[in-house]
Structures are given as C-alpha cells and as structure tokens.
4 protein chains.
Amino acid sequence: MSPIPLRQRRKEARPQELLDAALALFVEKGFVATRSEEVAARAGVSKGTLYLYYPSKEELLKAVIRQQLSSQIAAGALEVERYVGPTSTLLVEVLSRWWQGVFDSPASGVFKLVITEVRGFPEIADFYVQEVIEPGERVIGSIVQRGIDRGEFRKLDVPTVVHSLVLPMVMLCLHKHSIGACAQHKHDIDPHRFIRDHIELMLHGMQTSPTAAEAPRPAAKAKATAK
Amino acid sequence: MSPIPLRQRRKEARPQELLDAALALFVEKGFVATRSEEVAARAGVSKGTLYLYYPSKEELLKAVIRQQLSSQIAAGALEVERYVGPTSTLLVEVLSRWWQGVFDSPASGVFKLVITEVRGFPEIADFYVQEVIEPGERVIGSIVQRGIDRGEFRKLDVPTVVHSLVLPMVMLCLHKHSIGACAQHKHDIDPHRFIRDHIELMLHGMQTSPTAAEAPRPAAKAKATAK
Amino acid sequence: MSPIPLRQRRKEARPQELLDAALALFVEKGFVATRSEEVAARAGVSKGTLYLYYPSKEELLKAVIRQQLSSQIAAGALEVERYVGPTSTLLVEVLSRWWQGVFDSPASGVFKLVITEVRGFPEIADFYVQEVIEPGERVIGSIVQRGIDRGEFRKLDVPTVVHSLVLPMVMLCLHKHSIGACAQHKHDIDPHRFIRDHIELMLHGMQTSPTAAEAPRPAAKAKATAK
Amino acid sequence: MSPIPLRQRRKEARPQELLDAALALFVEKGFVATRSEEVAARAGVSKGTLYLYYPSKEELLKAVIRQQLSSQIAAGALEVERYVGPTSTLLVEVLSRWWQGVFDSPASGVFKLVITEVRGFPEIADFYVQEVIEPGERVIGSIVQRGIDRGEFRKLDVPTVVHSLVLPMVMLCLHKHSIGACAQHKHDIDPHRFIRDHIELMLHGMQTSPTAAEAPRPAAKAKATAK
DNA sequence: AATGAATGAGGGTTCATTCAT
DNA sequence: AATGAATGAACCCTCATTCAT
C-alpha cells in the first residue's frame with residue numbers, strides 16, 4: 001500500500017524533523033546556547049547531516065521561524081467576510097480557534113524565539129511583521145471594524161483594540177516558555193480560562209450596549225469573581 | 001578639596017556602572033551572545049576588572065536582574081491605602097506612574113532579560129516572581145478589589161483583570177527591546193498612547209455604571225463562562 | 001588492501017599518541033606549565049582534538065599516570081616463586097631487568113610526575129601507592145625475605161632493605177628528568193654503572209657470609225641503633 | 001631594651017618572611033600554581049609589597065632556593081679534618097646531624113622544589129649543584145675516603161658509596177612533600193628509623209671487617225628484622 | 001613603604017563547520 | 001546521503017605585574 005520506501009520517506013521527512021527539533025531546542029535554551037549537534041541528535045541524525053539540509057545554524061533558525069510563520073498566516077480572513085451574525089461571536093470564534101491552535105502546540109514557542117533573537121538577526125523582524133503581525137492585525141482589525149461599522153462596538157481606535165486583545169495572548173505564550181516552564185511557577189495561571197475571561201472583559205469594554213456583549217453565550221450564567 | 005581619592009570614588013561606582021553596561025548588552029544581544037569583555041568595555045574598564053566585582057558572567061546576570069527588581073518593588077502600595085476618590089482614577093494614576101518610570105528607562109529591558117534567560121537559570125524565576133510579579137499583582141489587584149468593593153467595578157475575577165491590564169504593558173516592553181528595536185519597525189505603535197487607550201478600554205469593560213460612555217447596566221447577570 | 005580507513009586507524013592510535021606527548025611534556029615542564037595546545041601539537045593534532053579524547057587537562061594527567069603505572073605492575077612476581085639458585089642473583093636479576101625497562105624509557109618520567117603533581121591531585125597518590133609502591137615493595141620484599149629465610153641474608157628489617165635498595169633507583173629517575181636534563185649536569189653519574197655498584201654494595205651489607213669480601217659474621221648482635 | 005621599633009623590625013624581617021612563605025607554598029603547590037598574592041598573604045603583606053622586595057615571582061623562586069642552599073653548605077667539612085676515631089662513627093655523626101637539621105625543617109622542601117622547577121629555570125641547576133651537591137658529596141666523599149685510607153672500609157668507588165648513602169635521604173625528603181603529604185599515606189615509613197637502619201646497612205656493606213661496623217655503638221643489642 | 005585597583009596577555013575549553021570516509 | 005573525526009576561532013576567566021594613592 002505504501003509505495004514509498006522507508007528510507008526515502010525518512011529522507012523527505014528530515015527537513016521537518018530538523019525544524020521541529022530546532023524549534024524545541026531554540027525555544028528552550030536560546031539560539032546561541034543550543035549546539036547544532038543537539039539539534040541533529042534530537043532529530044535522530046548526525047551533526048554532518050544537519051549541514052546537508054541547512055547551510056548554517058543561522059539559516060536553520062530562519063527556516064524554523066519562517067516555517068512556523070507560514071503556517072500561521074492561514075485561515076481566518078475568509079471566514080470574516082462570509083460570516084453572518086453578531087461580531088462579538090465572530091471575534092470570540094476567531095480568537096479562540098487561533099488560540100487553540102497555537103498555545104498548546106510547539107508553535108507557541110516562536111513568539112519567544114522571535115522576541116529573543118530578532119536583535120541578532122533583524123531580517124527576522126521583517127518577515128515576522130509581514131507574515132504574522134500584519135496579517136494577524138488585519139484579520140482581527142477587520143472584525144473589530146465590522147463591529148464598529150455595524151454599531152455593535154463603540155467607535156474605538158481599531159489598532160488599540162487589536163493590541164489590547166492580542167498582546168495578552170502573545171504574552172501568555174512567552175510566559176509558557178519562560179517562567180511557566182520553571183517547576184515552581186507552572187500553574188500560576190490557567191491560560192485558557194484567562195483568555196476566555198480576557199476576551200469577555202474586552203468585549204464589555206468595546207460594546208455599545210452592555211446587553212449585546214452577552215449575546216455570544218446564551219446558556220451562560222453568573223460567575224463573576226470566583227477565583 | 002575632594003578628600004576621597006579618585007581611585008576609591010571609581011571603586012564605589014564600578015558595580016553600578018558594570019550593572020548598567022551589562023543590562024544594556026544582555027538585553028540587546030542576549031546573555032550568551034554578550035562577551036564579558038564587551039560589558040567591561042562599555043563600563044569603561046578592562047576585562048579583568050569585571051571579575052574584581054562579579055565572580056562570573058552568570059553572577060553578573062543575576063546581579064543585574066536582582067538589582068532591577070529590587071528597585072521595582074517599591075512604591076505604590078501605600079498610595080492605594082490612603083487614596084480617596086474614584087478607583088478608576090487611582091488605577092490610571094498608579095499604572096501610569098509605573099509605566100512612566102519603566103517604559104522609557106533601561107529597566108524596561110529586564111522583562112526581556114527574564115523571559116529570555118530564565119530557562120537557563122531557573123533561580124531567576126524565583127526572585128522575579130517574588131519581587132515583581134507577586135508584589136505587582138498584589139498592588140494592582142488591591143486596586144481592582146477596591147473598585148469592586150465600592151461598587152465601581154463589576155464583580156470580576158481579580159487576577160484576570162490584573163493580567164488583562166498588565167500583560168499588554170509588559171508586552172510592549174518586550175516589543176521595545178526586540179522587534180521595536182529593529183529599524184523598520186520602530187514606530188508601529190505609540191506605546192504611551194496605546195497604554196492610555198488600553199486602560200481606558202479596560203475600565204469600560206470593568207465598570208458597573210455606563211456613566212463614562214456606556215448604557216446603563218443592571219447588576220451583571222449572564223456570564224459567558226461555560227467552557 | 002587495507003580495509004581499515006586511515007581516519008579510523010588514526011582514531012585508535014590517538015589516545016596513546018596523546019598520552020605519550022602528554023607524558024613527555026608534563027615531565028619536562030610540569031603539568032601546570034604545559035599548555036594543552038602543546039600536548040596536542042606534539043601528538044600531531046589540533047587543540048580541539050585533544051578534548052575529543054580527554055575531557056580535560058586534568059583527566060589527561062590522570063590517564064597518563066594511570067597508564068604508565070598499569071604497565072609497571074606487571075612482571076616479576078612469578079619469577080620469584082619459580083626461581084632456584086642464590087637469592088643474590090635473583091635480586092640482581094629482578095632489579096636489573098626492571099631498571100633496564102624503566103630508566104631509559106619515558107616511563108622513568110612518571111616518578112617525577114607523581115612527585116610533582118600529587119599534592120595537586122591527591123587521588124594520584126592512591127593509585128600510585130596501590131599500583132606501584134605496594135606491588136613493587138612486595139616483589140622485592142619477597143626476594144629479600146627469601147634470602148633471609150634461606151640463611152643467605154642477615155635478619156634485617158625487610159622494608160628497610162627494600163627502601164635502601166630501591167630509593168636510589170627512583171632518585172636517579174628523578175634526577176634524570178630534572179638536574180640531569182640540564183645541559184651542564186648531564187653526565188655527572190653513569191646511572192647503569194651506579195645501580196650495579198649500588199646493588200653490589202647493598203648485597204654486601206645484607207649477606208650473612210663474608211664470601212664476597214667480608215669476614216665471617218655470626219648472628220648479628222651489636223647493633224648501632226640506639227639513638 | 002629593644003631600641004629597634006617594631007615597624008622597622010618588621011621591615012627588616014620582610015624578606016625572610018616572604019622567603020619562608022614562598023618556600024612553603026612553592027613546595028606545596030608548585031611554583032606555577034602558586035599565586036604571588038598567596039605568598040604575600042601568607043607573609044602578612046599585600047601583593048604590592050612583595051614586588052618591593054623581589055622584582056618578579058621568578059626571582060623570588062631563585063631567592064628561595066639560593067637562600068636555602070646557602071644555609072646548607074655550612075658545617076661539617078671542618079669536623080672531618082679534626083675528627084679522631086672510627087670513620088663509621090664519624091659518618092654516622094655527620095649524616096645524622098645533617099638529617100636532623102634537614103628532614104624536619106622546611107628546608108627539606110627545597111629538594112622537591114629543585115627537582116620540580118629546574119627544567120623551567122636551568123640556572124637553578126647550576127647553583128644547586130655548586131652549593132649543595134658538590135660540597136655535600138665532597139664532605140661525605142672525604143669521610144668515605146678516610147675510611148678506605150685507614151683500612152676501615154673496603155676499596156669502593158667513592159662516588160658510588162656517597163650516592164648510595166645519600167640518595168635515599170634525599171628521596172625521603174621528596175616523599176615527605178609529595179605522597180607523604182597525602183592523608184592516606186602519611187605514615188608508611190618512619191623516616192628517622194629508616195635512615196638509621198639504612199646507614200647501618202650501608203656500613204655493613206662498606207666495612208672491611210664486620211666487627212668494625214659495630215664499633216660506633218657499643219651498648220646496642222640485636223634488633224634485626226622486628227618491624 | 002605599603003596598598004590594592006586595574007590591566008591584559010595567556011590558557012583551558014567549546015562548538016560551528018568541514019571533509020575524508 | 002550520512003557520518004563523525006578534526007579543526008581552530010572565540011570566549012571565559014586567571015593572575016603577574018603596575019601604579020595611583
């Protein structure tokens with residue numbers, strides 16, 4: 001049934017395996033502190049082999065980031081256009097979906113990687129801005145705009161709202177891979193719960209009429225402050 | 001006229017000069033990528049001198065972080081107790097003051113430093129959490145709680161609100177020292193303006209009464225909590 | 001024709017080549033004063049390669065000593081058991097053979113190395129005592145004892161005799177690698193001749209019967225020992 | 001009563017205090033591994049002061065050795081000329097006296113120092129040979145020669161006998177400061193007892209008539225092998 | 001004379017990268 | 001293609017020596 005011999009399958013899988021290994025290690029230990037041999041070892045190949053696929057550790061770093069970003073651009077944009085229904089629901093929907101896909105996956109590490117390494121490789125900034133920040137802000141921004149246009153949201157400064165919405169999410173990803181990864185401080189926050197609450201809180205702040213804010217979750221009931 | 005000999009005066013200044021140099025460089029290039037000689041040079045001394053004051057690069061890092069943190073704890077707590085007046089004003093006041101003191105100063109770099117280096121030196125996590133996160137959250141949390149107690153804010157989950165308020169601020173510090181430091185992306189956001197807007201937006205989300213710009217809202221009822 | 005590739009052949013030879021180089025240099029210049037790069041160079045490899053085989057200069061030192069010692073233990077013991085004939089001949093035989101094997105070989109340097117470096121690395125003392133001193137004294141001691149038992153030697157304190165016999169030999173090895181290695185003082189003594197004479201002199205002192213050049217002597221009585 | 005102020009006395013004592021400190025440390029840790037600051041500290045002065053008395057660590061080493069040697073030349077020679085009585089007694093007398101003065105004093109360390117450091121500073125060899133080896137061998141040699149001339153000793157090769165006599169003594173000094181200084185191996189030999197026995201054994205080997213050998217110590221009795 | 005802060009050459013060790021196998 | 005031995009530049013840190021005080 002599988003016409004492709006194992007050897008060849010491995011060979012084709014190599015680049016991805018190397019990228020995965022590199023992502024994990026770069027995020028964990030930092031780019032400089034990660035030895036290229038470790039990356040190779042984690043990918044199950046030898047030091048030399050790594051250099052067959054990537055000409056240098058630096059290129060490997062860029063490839064890691066590029067690849068993670070490409071997969072992020074994705075989705076969403078279309079959804080917005082087609083969607084009918086309350087904007088708050090749409091916003092919750094889009095942010096949640098993205099959050100689900102990112103936070104628990106290794107992809108959450110790219111944020112740390114970018115923050116940590118851009119200064120050393122400013123090219124990274126360019127494609128990060130182009131591939132993630134801008135498209136991301138455009139999508140979220142367009143939703144917010146839709147809410148404003150439809151009178152659901154107050155007339156707010158769109159970029160501000162977008163940042164207020166998104167920065168905590170990014171920050172949680174960073175936390176996960178830094179302090180959150182240190183034994184004692186693992187469970188200080190429940191990220192999924194926080195994000196849910198955060199969005200809700202934001203919606204409150206954005207909405208014209210308080211009632212509208214509740215729309216997305218009909219079955220919900222009072223919960224307020226319970227810690 | 002000057003009874004203290006130059007040598008000695010220098011000696012006392014050295015540790016701080018070295019810490020300043022180290023902070024700047026560690027934030028800019030990362031701990032591992034910074035050569036100890038660079039730190040020394042930036043502090044205007046030679047390689048060897050650095051080791052007269054700090055026994056190793058690693059200890060220097062810890063000293064850098066410790067010192068920045070110690071100076072952060074400070075402030076605010078008292079203010080909260082004494083304050084009379086609307087909680088929203090208090091919150092704006094406290095956050096703004098802190099923001100002023102941090103964002104434009106080199107201290108803003110510690111966030112990046114911590115995020116970047118904790119994994120390598122987990123002890124850092126401990127004192128960061130103790131010296132910054134916990135006291136910080138306690139102060140902001142107490143303000144939020146005050147607002148709730150006084151019926152000015154809705155009955156929200158305090159930690160959630162604190163995070164929603166603060167994480168974007170921290171994130172902006174990180175941004176400043178990473179992407180924001182790359183030529184092309186310098187002025188994507190005006191941080192001070194954003195923080196002002198962000199807080200305002202948050203307050204909207206938090207407040208009970210629509211007075212400020214919202215429709216009247218009865219005791220908050222349905223809450224979109226179901227996960 | 002040669003199925004083993006050159007690389008691999010080298011690899012197997014490396015440790016020994018490095019040990020040889022290290023022995024020579026450590027003996028000549030002392031452990032601390034020898035740069036690891038020199039060792040590598042003398043072994044025909046680069047600095048880095050040394051660390052492929054030994055994790056540190058210190059481990060290299062220990063390996064050098066260990067290896068020399070292991071090869072020393074060896075020999076003699078059996079010979080003693082089997083031997084028939086006068087003990088004096090046996091003693092001469094065993095000491096000469098050992099002397100031949102040691103003095104002119106690089107192994108003679110280990111004595112200096114041990115004397116010089118034990119204080120810095122006391123573990124060395126343990127294995128030197130176990131691998132060299134004790135076995136060596138045991139072998140020579142057993143010969144002396146045999147002589148006493150067979151009435152060929154006077155009833156002397158065995159360890160004393162062993163030391164009197166052996167210490168000058170060790171001392172000559174030390175001399176060879178210290179003062180003896182300094183141009184002006186090269187030929188102050190002919191070591192082989194000296195050792196021959198020394199053993200002969202010692203035998204005179206040990207023997208019961210005056211055969212060689214001594215008057216008959218009854219069971220030794222008066223002893224010039226009182227301190 | 002003491003007209004010399006303390007300050008000045010200290011000042012005059014400095015060089016000697018520094019030499020003592022240096023001897024102890026150089027013997028213990030080796031010349032290269034001893035930091036000049038340690039020497040200063042042990043002598044109770046600061047780093048800088050050391051350089052007021054000796055222009056470099058190397059000169060300090062040479063001074064240490066020179067001074068120790070100068071004090072060794074000393075004595076004995078005259079004694080030999082004047083002495084009347086059996087040569088064996090004279091020999092025992094001279095060797096014992098020297099041994100007493102050397103072994104238990106810090107001077108015993110110079111042997112190690114010379115052995116260890118000559119290769120690095122060959123000038124040391126010259127004055128060591130001139131100041132110690134040659135005078136020493138001359139004194140002992142003249143005694144041995146006297147014994148031969150007077151028919152007390154067999155017609156042996158004088159240098160050989162001298163070496164056989166003296167090398168174990170030197171070797172014991174070396175041992176004391178190397179293996180003997182390592183906890184486990186402190187009491188393997190009783191040096192004073194050994195030297196006494198060794199000389200006695202040597203005398204046995206040297207003497208024409210066995211009876212003569214016993215002369216020096218009339219009151220002694222059988223002791224032989226008892227360990 | 002004495003101090004000890006400062007210097008900077010020097011040496012141990014690491015690791016990205018190459019290349020013979 | 002894959003390996004891993006070898007290289008050597010680079011970096012942390014030490015310490016002899018200097019010199020302002």
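When reading the values below, keep in mind they use all heavy atoms of this one structure, side chains included, and skip hydrogens, waters and symmetry mates. Computed from a predicted model, the values in this text were never measured in an experiment. A, B, ... follow the sequence lines: proteins, then strands. Residue 1 opens every chain.
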Among residues at least two apart in sequence or on other chains, which ones pass ring-ring contact (aromatic ring centres under 6.0 Å, His included) with D:F127? none

Could you check which residues of residues 16-34 of chain B get a heavy atom under 4.0 Å from DNA chain E? Sort them by number, please.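 Contacting residues: none.
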
Just to be sure I understand the geometry, which residues of residues 35-54 of chain B put a non-hydrogen atom under 4.0 Å away from DNA chain E?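 Under 4.0 Å from DNA chain E: B:V45, B:S46, B:K47, B:G48, B:T49, B:L52, B:Y53.
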
Have a look at B:V39 and tell me which of B:T34, B:V64, B:L23 forms a side chain to side chain contact (heavy atoms under 4.5 Å, CB included) with it.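 Single pass found, and it is B:T34.
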
Is it the case that the side chain of B:E117 and the backbone of B:F31 share a donor-acceptor pair, with hydrogens and angles ignored and the cut-off at 3.5 Å?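 Here the side-chain-to-backbone pair exists.
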
How is the base pairing of DNA chain F summarised as a dot-bracket string, given the Watson-Crick and G-U wobble criteria with both distances under 3.5 Å, [ ] for crossing and | for another strand? .||||||||||||||||||||

Report yes if at least one side-chain N or O of A:R14 is closer than 4.0 Å to OP1 or OP2 of F:dA2; otherwise report no.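 Yes, because at least one side-chain N or O of A:R14 sits under 4.0 Å from OP1 or OP2 of F:dA2.
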
Keeping to residues at least two apart or across chains, list the salt bridge (Lys or Arg N to Asp or Glu O under 4.0 Å) pairs with something in residues 38-55 of chain A.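 Listed by first then second residue: A:K29-A:E38.
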
Start at the 5' end of DNA chain F and walk down; is the nucleotide closest to B:S56 or to D:E58 reached first?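 Nearer the 5' end of the strand: B:S56.
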
Distance in Å, B:K112 NZ paired with A:T116 OG1, rounded so as to fall on 0.5 Å steps: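 Going from the NZ atom of B:K112 to the OG1 atom of A:T116 covers 7.0 Å.
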
Any chance you could measure A:T49, atom OG1, to A:R14, atom CZ, to the nearest 0.5 Å? 6.5 Å

Flag the pair [X] / [Y] as yes when at least one side-chain heavy-atom distance between them is below 4.5 Å, and no otherwise.
X      : Y      : answer
C:Y128 : C:V118 : no
B:F26  : B:L60  : yes
B:L61  : B:K57  : no

Going by the rule side-chain contact (heavy atoms from CB on, under 4.5 Å), which residues pair with B:E59 if we only count those two or more places apart in sequence or in a different chain?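 Listed in chain order: B:P55, B:S56, B:K62, B:R66.
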
